[in-house]
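Comments concern the structure below.
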Amino acid sequence: MNLESKYSYVLGVLFIGSLAYFSSCTSPSGPTGLSDHTIIPHPVAITTANGHFTLSTTTQVGTDEESLIAVAQYLVSQYEPLRFSANTDESTILLSLHAKDSLLGTEGYSLQIQEEQIHLSAQTPRGIFYGIQTLLQLLPPAQIETSVEIPTGTILDYPRYSYRGSMLDVSRHFFGVDVVKRYIDFIAAYKLNTLHLHLSDDQGWRIEIKSKPKLTSIGSTTQVGGGKGGYFTQAQYQEIVQYAADQFITVIPEIDLPGHTQAALASYPALGCTGEQQDLYTGKEVGFSTLCTDNEATYEFVDAVLKEIAEITPGPYLHIGGDESHATKKEDYIYFINRIQQIVNKYGKTLIGWDEVAEANIAPESIVQQWKSAGNASKAAENGNRIILSPATLSYMDMKYDTSTRIGYTWAALIEVDQAYNWDPDTITMISSDMILGIEAPLWTETIETIEDIEYMVFPRLLGYAEIGWSPQSVRDWANYRLRLAAQEKRFEEQDIHYYRSPVVPWLAQDSIR
Ligand code: TNX
């Protein structure tokens with residue numbers, strides 16, 4: 001970090017600190033104590049001490065636990081001056097699995113910052129990984145040349161929900177392995193633990209199925225607007241799954257059925273009720289295609305597809321879509337979903353479907369993702385299904401921020417950064433809290449063509465969804481959140497993220513003070 005950027009970091013901290021100080025007037029430790037942090041998602045509990053730990057170019061990270069070496073190396077890889085040391089006597093950042101607090105569970109951590117040492121402990125490597133994300137946010141975003149002071153104190157932290165996800169639609173526009181990896185890095189930094197990949201739709205089939213080669217030789221060859229499309233080989237998909245797992249993220253593959261299947265129908269016309277040749281589709285309409293539900297060949301096809309995907313997916317879930325099947329008769333839809341559920345279960349997986357699947361007789365173990373119908377979600381919850389909340393009006397990242405947003409849709413809502421943040425899963429639905437598994441923010445890509453487009457729609461709304469999924473409602477507050485969000489600006493810029501400079505966020509580098 002050069003002097004100028006170090007100076008502006010200090011200024012930034014002071015600025016945020018003093019904003020927090022003057023807005024609350026309750027901070028006894030002054031503007032640079034740990035409680036004036038800018039961490040997102042906001043931790044559960046923080047206590048502030050009066051000193052500081054000095055992190056320098058000789059600071060070493062160590063652990064006595066074999067199972068923590070990979071996360072220790074991850075930390076070192078994320079922050080240039082840090083070194084890994086096999087000898088813990090020389091380490092001043094210590095990682096351990098000694099955490100006793102039962103509140104921490106499998107994802108929580110305790111971070112104790114003392115003058116001489118930082119001790120990060122948890123009950124699992126995953127907990128340590130989340131503690132590392134918090135620690136990284138306490139460091140200046142750019143690399144230091146000499147040293148940086150971190151305020152002392154302790155953080156005790158664990159998530160509100162066990163399911164914290166984002167969905168990326170790689171069907172409407174195809175995005176390759178590198179883009180998906182960058183997306184994984186984004187969500188991991190804010191403690192999300194699930195990546196839902198929307199792998200098939202009318203406009204393209206995006207995953208190699210060895211026993212059904214035309215799905216990719218024909219079905220993957222285009223996308224919205226007529227571009228060349230693309231697909232993941234099974235090896236590439238496995239590479240993504242492993243990359244995600246290394247950051248404690250579970251991949252959920254979605255094959256959208258029985259509607260949203262034009263790419264499959266164009267590849268294998270026998271899947272349709274007429275058997276006639278069908279064209280590939282490059283438009284944006286939804287709800288016109290369906291597999292033939294009273295044709296045994298359909299079930300043989302779905303079985304073959306889900307078998308191969310289950311074999312390369314270590315996570316417990318298969319998402320079967322089930323949304324907007326307007327071309328399928330209701331009784332046929334119910335019959336189809338019930339049969340598909342048996343196939344998913346036969347391959348040892350738990351079914352997830354969009355909220356319409358609640359119209360079928362789904363087993364209580366299956367999971368329902370609410371996007372449109374609160375009624376469907378309530379019905380499912382009464383049936384014993386746990387619910388993932390993705391209300392389109394609040395959490396769809398393909399919705400425009402305001403009417404001037406260059407890309408995106410408006411059909412559900414305009415979602416400004418404050419609206420994306422300001423909702424509580426418990427109060428937007430009639431479902432009892434214990435049936436809510438968590439939340440997921442989807443990014444549909446009919447209008448999104450490049451990584452820059454993705455970044456623009458996702459940043460900064462994603463951080464708000466991460467906080468809704470992780471932090472207790474009692475510590476969430478827009479007035480304070482917007483200051484913490486503003487402080488992420490340097491971090492976004494360091495990573496060359498094309499974020500939306502929302503007018504409701506008091507960015508530090510306003511043109512007037514830049
Ligand atoms: C609805 S959400 C859809 C998607 C579209 C999206 C666009 C859902 C289950 N279905 O097919 O891409 O709207 O906002």
Side-chain angles (χ1 to χ4, degrees), residues 165-175 194 196-206 223-225 229 252-265 281-291 317-328 333 336-337 340 351-360 362 366-377 380 385 387-401 405-415 419-420 439-449 453-454 456-458 461-462 465:
S166 182
M167 188 207 81
L168 181 63
D169 170 7
V170 293
S171 178
R172 271 54 178 274
H173 281 98
F174 180 66
F175 299 97
T194 310
H196 167 183
L197 283 178
H198 185 75
L199 289 169
S200 74
D201 213 301
D202 293 314
Q203 297 87 346
W205 187 281
R206 308 298 181 203
Q223 58 186 3
V224 167
I252 300 183
E254 177 186 352
I255 298 299
D256 204 345
L257 303 164
H260 291 271
T261 42
Q262 189 62 24
L265 290 161
Y281 180 70
T282 60
K284 294 179 183 166
E285 297 306 311
V286 294
F288 58 88
S289 57
T290 184
L291 301 183
Y317 305 115
L318 290 186
H319 200 307
I320 56 89
D323 58 313
E324 299 173 318
S325 252
H326 307 318
T328 324
Y333 176 82
F336 177 86
I337 297 294
I340 298 311
L351 177 142
I352 306 181
W354 296 108
D355 62 50
E356 290 94 325
V357 300
E359 292 164 5
I362 51 171
S366 293
I367 292 167
V368 170
Q369 184 166 11
Q370 175 184 338
W371 66 283
K372 194 170 193 182
S373 165
N376 279 342
N385 304 112
I387 311 295
I388 297 165
L389 290 175
S390 301
T393 52
L394 297 165
S395 71
Y396 266 27
M397 297 188 292
D398 63 322
M399 292 300 130
K400 291 178 190 275
Y401 293 97
T405 309
R406 172 178 66 83
I407 44 180
Y409 277 160
T410 58
W411 69 261
L414 294 171
I415 309 180
Q419 289 157 323
I439 78 157
E440 177 179 300
L443 182 67
W444 301 100
T445 58
E446 287 94 332
T447 65
I448 287 145
E449 300 180 29
D453 291 350
I454 291 178
Y456 190 76
M457 298 309 267
V458 166
R461 287 184 289 203
L462 178 77
Y465 300 128

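In listed order, ligands and their atoms are each counted from 1. The chain is numbered in sequence order, starting from 1.
A side-chain donor-acceptor contact under 3.5 Å links S171 to the backbone of G204. Formation of a donor-acceptor pair under 3.5 Å by the R206 side chain with backbone atoms of V170 is found in this model.
For ligand 1, the 4.0 Å heavy-atom shell takes in R172, H260, V286, D323, E324, W354, W371, Y396, D398, M399, Y409, W411, W444, E446, ordered by chain and residue number.
The distance from atom OH of Y333 to atom NE2 of H326, rounded to the nearest 0.5 Å, is 10.5 Å.
Every residue two or more places apart in sequence or in another chain that forms a salt bridge (Lys or Arg N to Asp or Glu O under 4.0 Å) with R172 is listed here: D169, D201, E446.
Across all non-hydrogen atoms, the minimal contact from D453 to T447 is OD2-O, 4.2 Å.
Side chain to side chain, W354 and E254 meet the donor-acceptor criterion of an N or O pair below 3.5 Å.
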